[in-house]
Amino acid sequence: MTNRVEVPNFPRALTPQAAAERQPDQQDSGPDAAAREARCNGAALRLALEIGKLGSFERDLVTNEMTANATCKAHLGLAPNEPLTFELLKRLQHPGDTERINQAVTYALATKSDFNVEHRVVRPDGYIGRILVRGTPIFEGGRPVRLVGVTQDVTERERAREELKDAQRRQDFLLKLSDQLRNAQDPFAIMEATAQSIGQLLKADCVGYGEVDDDRGIVLVEREWSRGRSAMRAAPTASRNSCMA
């Protein structure tokens with residue numbers, strides 16, 4: 001009995017004709033191929049930005065000149081054809097977040113790393129939005145020359161989160177107040193507990209019950225709770241704007 005051994009097919013040397021036929025393929029690695037690849041990469045990037053509703057920006061660290069696409073400008077409350085300057089960008093950043101933004105960028109430049117910061121923006125119409133900014137510094141010869149990055153509008157996400165937190169706080173408030181008033185019989189005790197609970201919920205300095213006198217333009221406060229004072233004021237007083245009635 002004869003044993004058969006399968007011999008793998010080894011690559012053969014190219015004939016001069018075959019080498020000539022493959023020569024055009026090798027020419028694809030020239031400047032034209034690099035340009036085609038750059039165009040493809042650019043198209044893929046634009047598509048990804050559009051799908052993700054992301055804005056893109058670039059800042060020249062030498063001249064502070066900025067470029068941004070229409071989506072990035074929309075996140076800042078600007079029109080697509082409105083120029084974006086570094087000075088305008090600083091004015092649009094919420095004053096309460098400016099220091100945190102500067103710290104994130106400074107750290108990225110010092111460590112040659114990416115930065116990721118979420119902050120508020122005060123748009124030209126006065127509306128306060130919230131954006132997430134992710135970027136990275138570009139270095140040439142060891143020196144930072146540009147910042148490039150993307151922006152994402154997270155205003156609606158944050159609004160939904162705050163609404164959920166408020167709903168939970170209101171539910172907790174009602175459950176707690178219900179427990180406090182379950183056995184209460186004295187109407188004044190009920191007013192005191194309710195006013196105090198409302199003040200703590202709304203973080204108000206003063207809450208009270210009273211009657212509105214439209215003719216005199218005052219509120220006659222019968223029971224009042226003020227932050228920092230353990231007891232409520234029971235005597236009727238006239239108030240114009242100091243308490244919630």
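Heavy atoms only, all atoms of each residue included: Phe57 and Val150 are closest at CE2-N, 3.6 Å. Closest non-hydrogen pair, Gly55 versus Asn69, comes out as CA-OD1, 3.4 Å. In this structure, Gly129 and Thr155 approach most closely via the heavy-atom pair CA-OG1, 3.5 Å. The nearest pair of heavy atoms linking His75 to Thr151 is ND1-OG1, 2.9 Å. Of all non-hydrogen atoms in Pro137 and Leu109, the two that sit nearest each other are CB-CD2, 3.6 Å.
Among pairs with a residue in residues 65-78, none fulfils salt bridge (Lys or Arg N to Asp or Glu O under 4.0 Å), at least two apart in sequence or across chains.
Rounded to the nearest 0.5 angstrom, Lys176 NZ and Asp179 CG are separated by 10.0 Å.
A search for salt bridge (Lys or Arg N to Asp or Glu O under 4.0 Å) contacts involving Arg170 returns nothing, not counting sequence neighbours. Every residue two or more places apart in sequence or in another chain that forms a salt bridge (Lys or Arg N to Asp or Glu O under 4.0 Å) with Glu140 is listed here: Arg146. Contacts of Ser178 classified as side-chain contact (heavy atoms from CB on, under 4.5 Å), with partners at least two apart in sequence or in another chain: Arg182. Here Leu174 pairs with nothing under the side-chain contact (heavy atoms from CB on, under 4.5 Å) rule; sequence neighbours left out. For Arg120, the salt bridge (Lys or Arg N to Asp or Glu O under 4.0 Å) partners at least two apart in sequence or on another chain are Asp97. In terms of the side-chain contact (heavy atoms from CB on, under 4.5 Å) criterion, residue partners of Asp125 (sequence neighbours excluded) are, by chain and number, Arg123, Tyr127. For Thr63, there are no side-chain hydrogen bond (donor to acceptor under 3.5 Å, both in side chains) partners at least two apart in sequence or on another chain. Glu99 pairs by the salt bridge (Lys or Arg N to Asp or Glu O under 4.0 Å) definition with nothing, not counting sequence neighbours. Qualifying side-chain hydrogen bond (donor to acceptor under 3.5 Å, both in side chains) partners for Thr136, counting only residues two or more places apart in sequence or in other chains: Asp114.
Counting only heavy atoms from C-beta outward, the side chains of Gln171 and Gln168 approach each other to under 4.5 Å. For the pair Ile101/Phe115, no side-chain contact is recorded, criterion being any heavy-atom separation below 4.5 Å from C-beta on.
Distance alone, capped at 3.5 Å, places no donor-acceptor pair between the Arg130 side chain and the Arg159 backbone.
Under a cut-off of 6.0 angstrom, the local environment of CZ in Phe139 is crowded, with over 12 non-hydrogen atoms contributed by other residues, nucleotides or ligands. Annotation for Arg100: atom CZ counts as buried by contact number, over 12 foreign heavy atoms lying within 6.0 Å. The local environment of NZ in Lys90 is crowded, with over 12 non-hydrogen atoms from other residues, nucleotides or ligands closer than 6.0 Å.
No path of Ile, Leu, Val, Met, Phe, Trp and Tyr side chains, each step under 4.5 Å between heavy atoms, connects Leu54 with Ile131, placing them in separate hydrophobic clusters. Met66 is not connected to Val122 by any chain of hydrophobic side-chain contacts under 4.5 Å among Ile, Leu, Val, Met, Phe, Trp and Tyr, and they are in different clusters. In the hydrophobic cluster analysis, where Ile, Leu, Val, Met, Phe, Trp and Tyr join through side-chain heavy atoms closer than 4.5 angstrom, Val145 is grouped apart from Leu147.
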List the atom pairs, donor and acceptor, that lie under 3.5 Å between side-chain atoms in residues 78-86 and the rest of the protein, sequence neighbours left out.
from  : atom 1 : to    : atom 2 : distance (Å)
Glu82 : OE1    : Ala79 : N      : 3.3
Thr85 : OG1    : Leu88 : N      : 3.1

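The hydrophobic cluster around Leu132 extends to Val154, counting ILVMFWY residues whose side-chain heavy atoms fall within less than 4.5 Å of a member.
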